[in-house]
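To find a chain, count down the sequence lines: A is the first, B the second, and so on, and within it residues start at 1.
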Amino acid sequence: MINTAVELAGIKLKNPVLTASGTFGYGYEYARFFDLSRLGALVVKTLTLEPRKGNPPPRITETPCGMLNAVGLENPGAERFIREILPGLKQYPVPLIVSIAGCSVEEYATMARLMTSAGSIDALEVNISCPNVKAGGIAFGTVPEMAAEVIRVVRLNTDLPIIAKLTPNVTDIAGIAVVVVEAGADAVSLINTVTGMVIDIERRRPVLANQVGGLSGPAIRPIAIRAVWQVYRAVKVPIIGMGGIMEARDAIEFMLAGARAVAVGTANLVNPLAADNVVRGIEEYLASHGISDVNELVGAAHGKED
Amino acid sequence: MINTAVELAGIKLKNPVLTASGTFGYGYEYARFFDLSRLGALVVKTLTLEPRKGNPPPRITETPCGMLNAVGLENPGAERFIREILPGLKQYPVPLIVSIAGCSVEEYATMARLMTSAGSIDALEVNISCPNVKAGGIAFGTVPEMAAEVIRVVRLNTDLPIIAKLTPNVTDIAGIAVVVVEAGADAVSLINTVTGMVIDIERRRPVLANQVGGLSGPAIRPIAIRAVWQVYRAVKVPIIGMGGIMEARDAIEFMLAGARAVAVGTANLVNPLAADNVVRGIEEYLASHGISDVNELVGAAHGKED
Amino acid sequence: MSFIVEAEIIHNHKVAEGCYSLAFRAPEIAESAQPGQFVHLRCSRTFDPLLRRPLGIQGIDRRDGLVKVLYQVVGKGTGLLSGFEPGSRVNVLGPLGCGFTLPAGARRVALIAGGLGIAPLCFLYETLAEQRIEAVVFHGVRSAGQALAPDLLPPVADRVLMAADDGSLGYHGSVVKLFETYAGQEPFDFFFAAGPSPMLRALSIVAKEYHLPGEVSLEERMGCGIGACLCCNCRTRGEDGWRYSRVCADGPVFPVEEVVWP
Amino acid sequence: MSFIVEAEIIHNHKVAEGCYSLAFRAPEIAESAQPGQFVHLRCSRTFDPLLRRPLGIQGIDRRDGLVKVLYQVVGKGTGLLSGFEPGSRVNVLGPLGCGFTLPAGARRVALIAGGLGIAPLCFLYETLAEQRIEAVVFHGVRSAGQALAPDLLPPVADRVLMAADDGSLGYHGSVVKLFETYAGQEPFDFFFAAGPSPMLRALSIVAKEYHLPGEVSLEERMGCGIGACLCCNCRTRGEDGWRYSRVCADGPVFPVEEVVWP
Ligand SMILES: Cc1cc2nc3c(=O)[nH]c(=O)nc-3n(C[C@H](O)[C@H](O)[C@H](O)COP(=O)(O)OP(=O)(O)OC[C@H]3O[C@@H](n4cnc5c(N)ncnc54)[C@H](O)[C@@H]3O)c2cc1C
Ligand SMILES: Cc1cc2nc3c(=O)[nH]c(=O)nc-3n(C[C@H](O)[C@H](O)[C@H](O)COP(=O)(O)OP(=O)(O)OC[C@H]3O[C@@H](n4cnc5c(N)ncnc54)[C@H](O)[C@@H]3O)c2cc1C
Ligand SMILES: Cc1cc2nc3c(=O)[nH]c(=O)nc-3n(C[C@H](O)[C@H](O)[C@H](O)COP(=O)(O)O)c2cc1C
Ligand SMILES: Cc1cc2nc3c(=O)[nH]c(=O)nc-3n(C[C@H](O)[C@H](O)[C@H](O)COP(=O)(O)O)c2cc1C
Ligand code: FES
Ligand code: FES
């Protein structure tokens, strides 16, 4: 028997494959393509306290082996999510991780409280890539003190496991990982999108209405692998690795770099079966390589000597 | 008549197309493919004071729409460059920009002096992505004070125009641009490679002997365009834009974002004629769009209102 | 229901200036597709380009399980697609989106196409014909070179009024103007339109003037095509004036009065 | 001199397990290519994969301006290459690198190939034959399925001794061991070898033992292929013990005694 189960901040997952927030909607769009209980866990689109309309179109453009998006956290808000969407999500026999964000520390606190009391949520992923309105719009996740502060207040407002989702748009991602873990994060997930931009040379203006967007897809995978590698050496908590996972071999690369779980993002947009294929492909890799426990892969590329 | 000439830190270039350091050798490897005097300027591989052997193989691997390299600044050292290579470079009627680096502020100072007294060099590009040995190997370019210090000593040791080459592996590249300009840089070039990593899932070890490498090629273009856009808003000096320029349309994207000149890098490896094709393609774009001066493109995507 | 099919290509050839006709075998899709729905195609086996490309369904052959689309080569994806050989396979996701809704009691409708907006209207025309609803087709192209041979548009071929922007064919001017010359004279109960956004917007103004209800098929850059990524937003009427709808899942077809034009 | 050619593909088909023969028309390259040199091919029109792929030249036909290579499908690039149709074009940069050097006065040489290392040795064999130098070919494969039909290796076909790792063909064991059984008995003046690095390394030890001089063709991952990027380094003897050489420009062929094995 091959073991594919991993433990993540106290939650037991039947396999290490999650969905990346924002790329899998609230799950049901994909339920017509495969059985969602095949997944290790479901991570839903980031929620904020109030409903958000998000950015005007165009919100997406393609880049070499990647895409740029500026959805702008469109979401129905906490209340409607809890009332209208959460009941439907409960029907899937799969752990549910809810991603939360805010434009102030207080909003993060309120979100943590609301989601915790909503019940039937297995963990909170805290998206700290949002602009801090009080700090002139600098993203919480790019300043160690601000990142830590967010996690600290979330910790005070929930007893659910906390996953801090880190942005790669920093000089030292391992340093951010260290402070969020000190502040109470039970796990870290990385990477969020890389800030990028595309200009239309005919219109001579940025393609996206929002000007800048977040780069995702295979193009950023080497950046993400490096980030996971560095963070693995800096903290002891489990890492959820993501960034350009298209196939099982990519997921395995993340695990070897130090990820205990992985999330499939942009690949869902290209192929609705991608996450399911990754689950199957990991099983095949383990079998063909005579590995009896997926946990053996975690960090294995660091070797003994390092 | 269409004007393609641009002025860069006091040097007049017949067109805005340069070669990116390290991707064009010392020029002569490409001279058999096209007439180097077609270029705006030639930027050679980074030189250090002492000869360097560089990293063990493998030094290169491919990534989706990109590549990762860890050459490790292999170079013959300042003295042999001046004695054996520089005389040959003088024969090309094209401005020559020499890239210098060091592992200490003193080494940068010495390099600046040596290259300045060598003569027939038109500008120095200061590669500040090197690790600062005294600061435990942190790259000079990632810490504003260290970056500024390097430029300051180079300024004291040369009367040549100084181009500071910035790394994208920072939280705030515009902030770094501001301090290096204050410290005396006449222009900035960006971006250097993005730190990345690839793991071989069969060997379960990093592919590169050096473990991490620098990501380049089309994959990083959206990151580079965003960096140029941000730096253009922060400083007044000319910007040399690079990162994934494969064709003229990409070069034009950089100019619209704010670059006064561009450098062709990885594309030279894919197609030895790439830089020449970019020169021609820019001319064609100007002609077909009725633009009489290439300088009109510089920063045009920022619009009037911004 | 939507399917992911490695579909065999039956034909894929040029039919007008820069325009290709592609047919592939995908019985599941052919079985369930409705006029106005689209398919989402991968144009490469590699990740460059990465995303699928949406194309409206031009017609289906349920017996042979075939699906037909018409596409203009405009960039990288459609450029690569035009190189796919018959016999090889294309990865198709579909049918997707909400198609046209036939209004109860309509007897005479106008179908108004700009460029390859003709594709979904061909499929619609066929369905209308089955229900014995009379349809007049207005088809605008930039120039005669872009016009498709009648045998490519079998169902609509004998009921199509052409307009060319450059006057090289049929009416000299936009298809909206052409339609307007008729709208005043002939009674239509309803209209269906597909084409570039500025054309649809102009059409919406004309329709309003003549109190003509109708539906328009919108285009927006897409990610997933299945309603999950929220990348394909357009403005529609909503509680506080307007809200964002997803072109891929709430559309691509919208009642004209629902659309808030940019 | 090197050239960049959009070369027409003459043939491109499977000739053994996972192994393809590709011929393309590139008169400039055919004109100047020397045995041991390689060509650098783009395997995609897109940027995925981005880099060229190096392949040794198996033979040329100067009259028709053809160049032939043999390749193993091992990954993305060679996988895509195997889909190129005759009549279509492939972008080729070449000829590149320094080829084999015929030692003055040599009369009887050994050519030792591991896997598709046979390709450059076919080309070399032809040149040796023109100069009336006798050559014996030792060719190792993993299994009989990887062996090429004699008509694919016309020049060497009647002078080739096979070894298969799994014993399914010829000598049971490595080609180095096979060569060793001969090296003691038959007098060779020189050897030329191409194949995987561990094989060449083992061979270098055998050659040293028998005081046999020779040249080996190395492989390393490449960027530019023209000596500019310094990405394809290997260790060779140098001033302070060893130095890095560029496989693409200083090699791929090196005198065996120059190589510092990893
Ligand atoms: C619902 C729907 C139905 C469509 N039906 C047809 C059809 O039947 N025939 C046809 O020729 N075209 C149709 N289009 C437009 C077609 O999808 C684009 O022309 C095509 O995606 C361009 O791809 P490209 O790679 O060749 O161009 P590129 O310009 O290289 O594409 C770059 C990016 O822009 C997107 N894009 C470019 N133009 C459009 C556009 N007009 N709409 C949406 N995204 C765009 C692409 O999907 C891609 O992500 C439809 C679009 C939508 C949304
Ligand atoms: C001078 C030279 C001559 C060669 N001649 C031949 C030949 O005649 N026939 C043949 O079948 N193969 C030959 N090879 C090896 C061939 O280049 C690789 O098998 C091929 O590049 C693999 O590409 P891929 O995309 O299919 O594999 P992938 O594994 O997807 O390639 C990924 C990357 O690794 C590189 N790579 C993988 N394997 C090798 C290798 N063994 N050597 C160098 N780079 C590698 C690729 O170029 C690419 O950058 C030669 C290599 C060199 C350096
Ligand atoms: C369309 C889109 C929407 C996204 N929305 C969110 C979001 O709401 N919250 C979040 O934390 N990350 C969001 N992300 C980032 C992804 O969760 C993921 O971190 C990133 O895309 C890298 O993974 P990938 O390359 O596999 O997509 C989004 C990404 C995409 C492509
Ligand atoms: C093989 C290789 C070697 C490089 N060597 C140097 C170097 O010596 N000094 C330097 O400043 N940048 C070096 N670079 C970075 C490039 O100059 C350039 O900044 C970067 O590759 C981004 O541009 P590109 O995507 O067009 O290659 C190197 C890049 C590559 C690919
Ligand atoms: S394309 Fe993803 S929601 Fe429409
Ligand atoms: S591949 Fe560039 S130097 Fe050899």
Student: Could you tell me whether Glu79(B) atom CD has more than 12 heavy atoms of other residues or ligands within 6.0 Å of it?
Tutor: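 Counting neighbours around CD of Glu79(B), 12 or fewer heavy atoms of other residues, nucleotides or ligands fall under 6.0 Å, so no.
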Student: Which answer fits Arg221(D), side chain, backbone, both or neither, if we ask what part of it has an atom under 4.5 Å from a heavy atom of chain B?
Tutor: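 Answer is both: backbone and side chain atoms of Arg221(D) are under 4.5 Å from chain B.
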Student: In the structure I gave you, are the side-chain heavy atoms of Cys224(D) and Tyr30(B) within less than 4.5 Å of one another anywhere?
Tutor: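 Heavy-atom side-chain distance check passes, below 4.5 Å.
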Student: I'd like to check Ser2(D) versus Phe33(B) (side-chain heavy atoms, cut-off strictly below 4.5 Å). Are they in contact?
Tutor: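 Ser2(D) reaches Phe33(B) side chain to side chain.
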Student: Contact part of Asn55(B) toward chain D, heavy-atom cut-off under 4.5 Å: side chain, backbone, both or neither?
Tutor: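 Only the backbone of Asn55(B) comes within 4.5 Å of chain D.
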Student: Are the side chains of Leu230(D) and Lys45(B) in touch, meaning some heavy atoms are under 4.5 Å apart?
Tutor: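 Side-chain contact under 4.5 Å: yes.
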Student: Of the listed residues (Glu62(B), Arg32(B), Glu29(B)), which shares the most heavy-atom pairs with chain D below a 4.5 Å separation?
Tutor: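 Most heavy-atom pairs under 4.5 Å with chain D: Glu62(B).
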Student: Which atoms of Ile226(D) are under 4.5 Å from chain B, going by heavy atoms: the side chain, the backbone, both sets, or neither?
Tutor: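 It is both, since atoms from each part get that close.
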Student: Check the surroundings of atom CZ in Arg249(B): do more than 12 heavy atoms from other residues, nucleotides or ligands lie under 6.0 Å from it?
Tutor: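 Result for CZ/Arg249(B): open.
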Student: For atom NZ of Lys76(D), decide whether the heavy atoms of other residues, nucleotides or ligands shown that lie under 6.0 angstrom number more than 12.
Tutor: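 Yes - once you tally the heavy atoms of other residues, nucleotides and ligands closer than 6.0 Å, there are more than 12.
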Student: Around atom CZ of Arg142(D), are there more than 12 heavy atoms of other residues, nucleotides or ligands at under 6.0 Å?
Tutor: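 Open: at most 12 neighbouring heavy atoms sit under 6.0 Å from CZ of Arg142(D).
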Student: Check whether Ser44(D) gets within reach of chain B through its side chain, its backbone, both or neither, counting any heavy atom under 4.5 Å.
Tutor: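 The answer is neither part of Ser44(D).
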Student: Considering only heavy atoms and a distance below 4.5 Å, find which of Gly22(B), Gly27(B), Pro218(B), Pro56(B) pairs most often with chain D.
Tutor: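 Counting heavy-atom pairs under 4.5 Å, the top option is Pro56(B).
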Student: Looking at Thr266(B), Thr63(B), Leu269(B), which hits side-chain contact (heavy atoms from CB on, under 4.5 Å) with Leu50(D)?
Tutor: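 In the set Thr266(B), Thr63(B), Leu269(B), the residue that makes a side-chain contact (heavy atoms from CB on, under 4.5 Å) with Leu50(D) is Thr266(B).
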Student: Tell me, side chain or backbone of Met1(D) under 4.5 Å from chain B's heavy atoms, or both, or neither?
Tutor: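 Side chain of Met1(D) only, per the 4.5 Å heavy-atom cut-off to chain B.
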Student: Can you list, pair by pair, the side-chain donor-acceptor contacts under 3.5 Å of residues 241-249 of chain D, counting residues two or more places apart and other chains?
Tutor:
from, atom 1, to, atom 2, distance (Å)
Ser245(D), OG, Thr236(D), OG1, 2.8
Arg246(D), NE, Asp250(D), OD2, 3.2
Arg246(D), NH1, Gly227(D), O, 2.8
Arg246(D), NH2, Asp250(D), OD1, 3.1

Student: Side-chain contact test, heavy atoms from C-beta onward, threshold under 4.5 Å: evaluate it for Ile60(B) versus Cys232(D) and give yes or no.
Tutor: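 No, too far: nothing below the 4.5 Å cut-off.
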Student: Quick check on the interface: out of Ile4(D), Asn233(D), Asp48(D), who has the most heavy-atom pairs with chain B under 4.5 Å?
Tutor: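 Among the listed options, the one with the most contacts to chain B is Asn233(D).
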Student: Who wins among Gly72(B), Pro64(B), Pro272(B) for the most heavy-atom pairs under 4.5 Å with chain D?
Tutor: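 Sorted descending by pairs with chain D, the first entry is Pro272(B).
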Student: Other residues, nucleotides and ligands only: do more than 12 of their heavy atoms fall within 6.0 Å of NZ on Lys90(B)?
Tutor: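 Check passes, neighbour count above 12.
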